[in-house]
Amino acid sequence: MSGRALIPSQLFTARTLPGISRQSPHFNRCVAPPLRQKYVRRTHTHTHTHTQSMPQPKFSAGTVPADAETALAPLLTSGGGRWSLTADGEGLERTFKFTGFAKAWVYFDFMTAVSIQCKIKKHHPEWSNVFNTTYIRWTTHNPKGLSTQDIEMAIACDAIARDLGEIAQQPDQGPSCELAGLANTVVGSAGDCCTPKK
Ligand SMILES: C[C@H](O)[C@H](O)[C@H]1CNC2=NC(N)=NC(=O)C2=N1
């Protein structure tokens with residue numbers, strides 16, 4: 001053991017927390033996304049203006065939009081799937097949850113199986129895990145945007161989770177903001193993995 005004492009106030013100040021940087025592309029993911037559509041609802045006493053955003057996919061250069069749209073549609077909650085587009089449209093995100101006593105360690109099997117696919121496909125996720133819940137975001141860093149590889153990895157994740165007995169979540173349970181925030185922290189400190197070295 002090193003003799004150097006850890007001083008908690010130094011460890012946990014905002015300044016020393018790694019990666020929560022406004023430069024991170026995903027910094028704002030769990031706060032209100034850009035306003036795109038306005039809905040006005042009238043009641044008998046007031047006029048309320050409600051805003052709601054509907055992210056559209058932003059594909060990476062080289063991705064054929066028509067093919068990607070076809071593969072993407074059934075993955076999204078709007079198409080009966082369990083993935084959501086990230087607010088900027090450049091990624092797909094969802095949480096996976098394995099519950100119940102019998103599933104005690106299955107989330108590690110899940111992450112292990114996904115890791116093997118990442119290695120085979122040479123494509124890495126932005127992900128985080130706490131206990132039985134794993135958050136995954138698929139986005140391509142270079143060229144930036146949503147790519148066929150992201151969609152294929154999302155399909156692979158669904159298949160692995162199904163094989164491992166994933167419990168269906170309530171349809172209204174979106175990706176966990178806490179776990180997305182945890183992944184964002186790592187994204188902010190990970191450095192650039194994906195720009196080809198000259
Ligand atoms: C050289 C290597 O293939 C590239 O760095 C790959 C690796 N995995 C990757 N994964 C993701 N998610 N985005 C990328 O742009 C990417 N690039």
Side-chain angles (χ1 to χ4, degrees), residues 11-39 48-58 60 72 74-100 103 106-108 110-111 114-115 118 123-141 144-147 150-151 153-158 160-162 164 166-191 193:
L11 280 175
F12 297 111
T13 59
R15 221 164 1 122
T16 55
L17 276 173
I20 309 182
S21 115
R22 282 170 197 280
Q23 273 77 55
S24 166
H26 305 298
F27 180 79
N28 272 331
R29 278 266 161 76
C30 273
V31 299
L35 308 177
R36 294 222 181 95
Q37 290 198 347
K38 280 191 172 181
Y39 298 97
H48 297 285
T49 303
H50 292 270
T51 51
Q52 196 173 317
S53 104
M54 312 234 302
Q56 295 300 309
K58 230 163 137 189
S60 60
L72 180 62
L75 294 181
L76 299 176
T77 50
S78 55
R82 298 202 200 168
W83 293 84
S84 305
L85 281 168
T86 54
D88 61 9
E90 293 181 356
L92 275 175
E93 61 182 355
R94 73 162 282 202
T95 53
F96 293 82
K97 193 163 189 160
F98 298 91
T99 54
K103 309 287 177 206
V106 83
Y107 42 95
F108 284 125
F110 172 72
M111 294 181 82
V114 173
S115 310
C118 296
H123 202 63
H124 58 71
E126 294 173 5
W127 65 355
S128 59
N129 162 260
V130 175
F131 181 46
N132 59 2
T133 305
T134 299
Y135 165 85
I136 303 189
R137 181 192 301 133
W138 290 110
T139 185
T140 294
H141 298 154
K144 209 162 140 19
L146 188 63
S147 71
D150 296 316
I151 295 169
M153 292 304 287
I155 293 169
C157 288
D158 283 346
I160 292 165
R162 202 180 312 120
L164 292 172
E166 183 194 17
I167 308 280
Q169 290 183 49
Q170 298 300 315
D172 60 342
Q173 268 184 279
S176 146
C177 273
E178 288 79 9
L179 282 176
L182 194 54
N184 293 348
T185 301
V186 185
V187 168
S189 60
C193 57

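When reading the values below, keep in mind they use all heavy atoms of this one structure, side chains included, and skip hydrogens, waters and symmetry mates. Predicted, not measured: the structure shown is a model, and the values here were computed from it.
Across every non-hydrogen atom of Tyr135 and Glu93, the tightest pair is OH-OE1, 2.5 Å. Summarising the geometry of Ile136 relative to Cys157, their closest heavy-atom pair is CD1-SG, 3.9 Å, with the distance given to 0.1 Å. Between Pro55 and Thr86, the shortest heavy-atom contact is CB-O, 3.4 Å. The two residues Pro125 and Cys118 come nearest to each other via the heavy atoms CD-SG, 3.6 Å.
Contact check for Asn129 versus Tyr107: side-chain heavy atoms found under the 4.5 Å cut-off. Between Asp88 and Thr139 the shortest side-chain heavy-atom distance does not fall below 4.5 Å. Side-chain atoms of Leu85 and Leu92, non-hydrogen and from C-beta on, do get closer than 4.5 Å to each other. Looking at heavy atoms from C-beta onward, His123 lies in side-chain contact with Thr140 at the 4.5 angstrom threshold. Residues Arg94 and Asp158 are in side-chain contact: their nearest non-hydrogen atoms beyond the backbone lie under 4.5 Å apart. In this structure, Cys193 and His124 have side chains that are in contact, with non-hydrogen atoms separated by less than 4.5 Å. Put simply, the side chain of Arg137 reaches to within 4.5 Å of the side chain of Val187, judged on heavy atoms.
In this structure, the side chain of Asp150 engages the main chain of Ser147 through a donor-acceptor pair within 3.5 Å.
Between Phe110 and Phe96, the ring-plane angle classifies as tilted under the 30° and 60° cut-offs.
By the side chain to side chain donor-acceptor pair (under 3.5 Å) test, Asn132 pairs with no residue at all, sequence neighbours left out. For Thr133, the side-chain contact (heavy atoms from CB on, under 4.5 Å) partners are Thr95, Lys97, Leu179, not counting sequence neighbours. Not counting sequence neighbours, Trp138 has no partner by the side chain to side chain donor-acceptor pair (under 3.5 Å) test.
To the nearest 0.5 angstrom, Trp83 atom CH2 is 10.0 Å from Ile155 atom CD1.
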Quiz item: Where do Thr134 and Val114 land on the side chain to side chain contact (heavy atoms under 4.5 Å, CB included) test, with the steps shown first?
Solution: CA-CA 11 Å; Thr134 299; Val114 173; over 6 Å; no
